[in-house]
Amino acid sequence: MPYITVEGNVHLYYEETGSGTPLIFIHPPGMGHVVFCRQQSLAHHFRVIMYDMRGNGKSSSSNRPITIPLLADDLRVLLDALHIKQAVICGYSNGGSIALEFALRYSDKVKMLALIGGFPEVCTPLLRYEFLLGIYTVKLGAISLLANILAKAHGSNKKEKREIKQYVQLVNKRDLVDMYEKGLIYRCTKRLSSLCMPLLLIYGASDYYMHPYAKIFKKTVPHAKVVYIDKARHQIPIKHHCELNGILKTYCIT
């Protein structure tokens with residue numbers, strides 16, 4: 001299995017298919033790369049790269065407390081190891097925080113930034129509640145319950161739900177709490193105006209509590225393009241991924 005090593009003893013699992021412009025997907029805490037199973041078909045148009053962040057999936061646990069900048073640095077090491085000078089960076093939900101931090105730190109390595117349900121900070125009550133619920137669920141040791149919730153929200157059939165559930169249960173409990181807690185306090189709104197690369201924002205049309213974030217991005221990054229997926233909410237089920245792939249092909253191929 002393909003791994004790259006960061007900081008000497010942390011091993012990150014990754015998969016890549018296809019050729020052309022590198023398209024890298026960043027998953028939310030706990031989910032692992034399997035949440036992007038339907039994006040494999042984009043390999044006909046891109047060099048698709050998916051990986052498990054430290055503490056998630058098949059990657060090893062972290063050797064120190066996790067921070068958003070640390071995870072962004074891990075991504076830089078992955079790109080360097082794969083000899084990628086520039087890529088389309090695509091982050092989903094809280095994975096978008098890592099994508100944003102990476103773009104702000106290493107703008108020369110970002111051909112385009114795509115955020116699926118992304119946000120620069122947690123500043124709405126419902127999103128804050130979702131983070132706190134995740135934190136308390138993990139601290140209580142209810143990883144299986146969290147795995148069931150995520151599998152039900154994303155899987156479109158029994159096979160997908162079973163695979164997602166099994167993968168979520170591989171997460172390191174300590175690292176997952178770290179990721180949720182750091183994601184809850186992460187703030188980069190004041191730095192958004194420095195994003196010079198093309199920015200694509202993808203939201204579920206029914207994701208009402210995320211609409212304020214689209215307004216924040218449009219106000220601070222006027223060149224951002226916002227696209228909505230009909231009938232989808234914040235947690236975009238795999239059944240909507242055909243439409244998601246179409247959006248990525250339309251806006252990310254140059």
Side-chain angles (χ1 to χ4, degrees), residues 3 6 10-15 24-39 49-72 74-75 78 90-102 115-119 122 126-156 159-186 204 207 210 233-238 241 244:
Y3 287 90
V6 296
V10 175
H11 307 292
L12 303 182
Y13 175 81
Y14 72 94
E15 295 181 359
I24 300 180
F25 288 95
I26 307 174
H27 63 82
M31 294 294 297
H33 77 280
V34 295
V35 72
F36 300 117
C37 62
R38 293 279 181 91
Q39 274 61 65
I49 299 166
M50 305 172 184
Y51 74 106
D52 295 335
M53 290 185 286
R54 60 170 70 200
N56 292 261
K58 297 178 182 177
S59 292
S60 58
S61 58
S62 183
N63 57 357
R64 58 189 172 112
I66 287 178
T67 65
I68 301 300
L70 175 63
L71 296 175
D74 284 350
L75 178 55
L78 176 63
C90 184
Y92 171 37
S93 187
N94 195 28
S97 297
I98 292 90
L100 278 166
E101 186 64 25
F102 181 84
L115 303 178
I116 307 168
F119 42 89
V122 178
L126 284 174
L127 185 58
R128 181 175 177 80
Y129 171 77
E130 187 173 292
F131 268 84
L132 290 174
L133 183 62
I135 291 170
Y136 293 139
T137 300
V138 178
K139 284 186 174 181
L140 289 171
I143 297 291
S144 181
L145 173 61
L146 180 64
N148 275 319
I149 292 172
L150 293 173
K152 184 176 181 180
H154 292 86
S156 299
K159 180 176 181 294
E160 290 171 351
K161 291 177 182 178
R162 182 175 64 253
E163 290 177 348
I164 292 171
K165 179 182 177 181
Q166 291 174 344
Y167 214 77
V168 172
Q169 290 177 318
L170 296 176
V171 72
N172 179 277
K173 176 182 174 181
R174 180 200 63 201
D175 291 340
L176 183 54
V177 170
D178 266 357
M179 292 183 72
Y180 277 137
E181 290 182 338
K182 298 308 188 301
L184 180 61
I185 63 174
Y186 179 72
D207 188 8
M210 292 298 291
R233 298 182 183 275
H234 178 61
Q235 293 180 323
I236 299 176
I238 291 173
H241 282 204
L244 173 60

With side chains defined as the heavy atoms from C-beta onward, is the minimum distance between C90 and I26 less than 4.5 Å?
-> no
From NZ (K182) to CG (L71), nearest 0.5 Å = 10.0 Å
Can you tell me if H27 uses its side chain to pair, donor with acceptor, with the backbone of M53 under 3.5 Å?
-> yes
Under 3.5 Å side-chain donor-acceptor pair for S97 and N94 = yes
So how far is it from N56 CG to L176 CG, rounded to the nearest 0.5 Å?
-> 7.0 Å
Considering all heavy atoms, the nearest V138-I143 contact | CG1-CD1, 3.8 Å
Apply salt bridge (Lys or Arg N to Asp or Glu O under 4.0 Å) to the pair R174 and D178, showing each step before the final yes or no.
-> CA-CA 6 Å; R174 180 200 63 201; D178 266 357; 5.2 Å; no
Side chain to side chain donor-acceptor pair (under 3.5 Å) evaluation trace for R54 with N63 | CA-CA 9 Å; R54 60 170 70 200; N63 57 357; 3.2 Å; yes
Main-chain N/O of G55 paired to S59 side chain as donor or acceptor, under 3.5 Å | no
Partner residues of H33 under the ring pair (Phe, Tyr, Trp, His ring centres under 6.0 Å) criterion, sequence neighbours left out | Y13, Y167
Would you find a donor on one side and an acceptor on the other, under 3.5 Å apart, between the side chain of Y3 and the backbone of K58?
-> yes
Atom pair NZ (K159) and NZ (K161), whose distance is rounded to the nearest 0.5 Å = 14.0 Å
Using modelled atom types only, decide if a donor and an acceptor are shared between the side chain of S93 and the backbone of G117 within a distance under 3.5 Å.
-> no
Of all pairs that satisfy salt bridge (charged side-chain N to carboxylate O under 4.0 Å, His left out), the ones with a partner from residues 132-142, not counting sequence neighbours | K139-E181
Main-chain N/O of S61 paired to D175 side chain as donor or acceptor, under 3.5 Å | no
Might you work through the side-chain contact (heavy atoms from CB on, under 4.5 Å) test for K152 and K165, ending with a clear yes or no?
-> CA-CA 9 Å; K152 184 176 181 180; K165 179 182 177 181; over 6 Å; no
For F25, the ring pair (Phe, Tyr, Trp, His ring centres under 6.0 Å) test, sequence neighbours excluded, returns F36
Nearest heavy-atom pair of A147 and Q169: which atoms, and what distance?
-> CB-CG, 3.8 Å
Indicate yes or no for a side-chain donor-acceptor contact from T67 to the backbone of L70 under 3.5 Å, with no hydrogens or angles considered.
-> yes
Gap between atom OG of S144 and atom CD1 of I149 - 0.5 Å precision = 10.0 Å
Output for pair (L145 CG, L140 CG), nearest 0.5 Å, gives 9.5 Å
So which heavy atom on Y180 is nearest to which on I135, and how close?
-> CB-CG1, 3.4 Å
Residues Y51, I24; criterion side-chain contact (heavy atoms from CB on, under 4.5 Å); working and verdict = CA-CA 8 Å; Y51 74 106; I24 300 180; 4.2 Å; yes
Hey, are the side chains of M50 and Q39 touching, using non-hydrogen atoms and a 4.5 Å cut-off?
-> yes
What distance do I164 atom CD1 and M31 atom CE have between them, rounded to the nearest 0.5 Å?
-> 5.0 Å
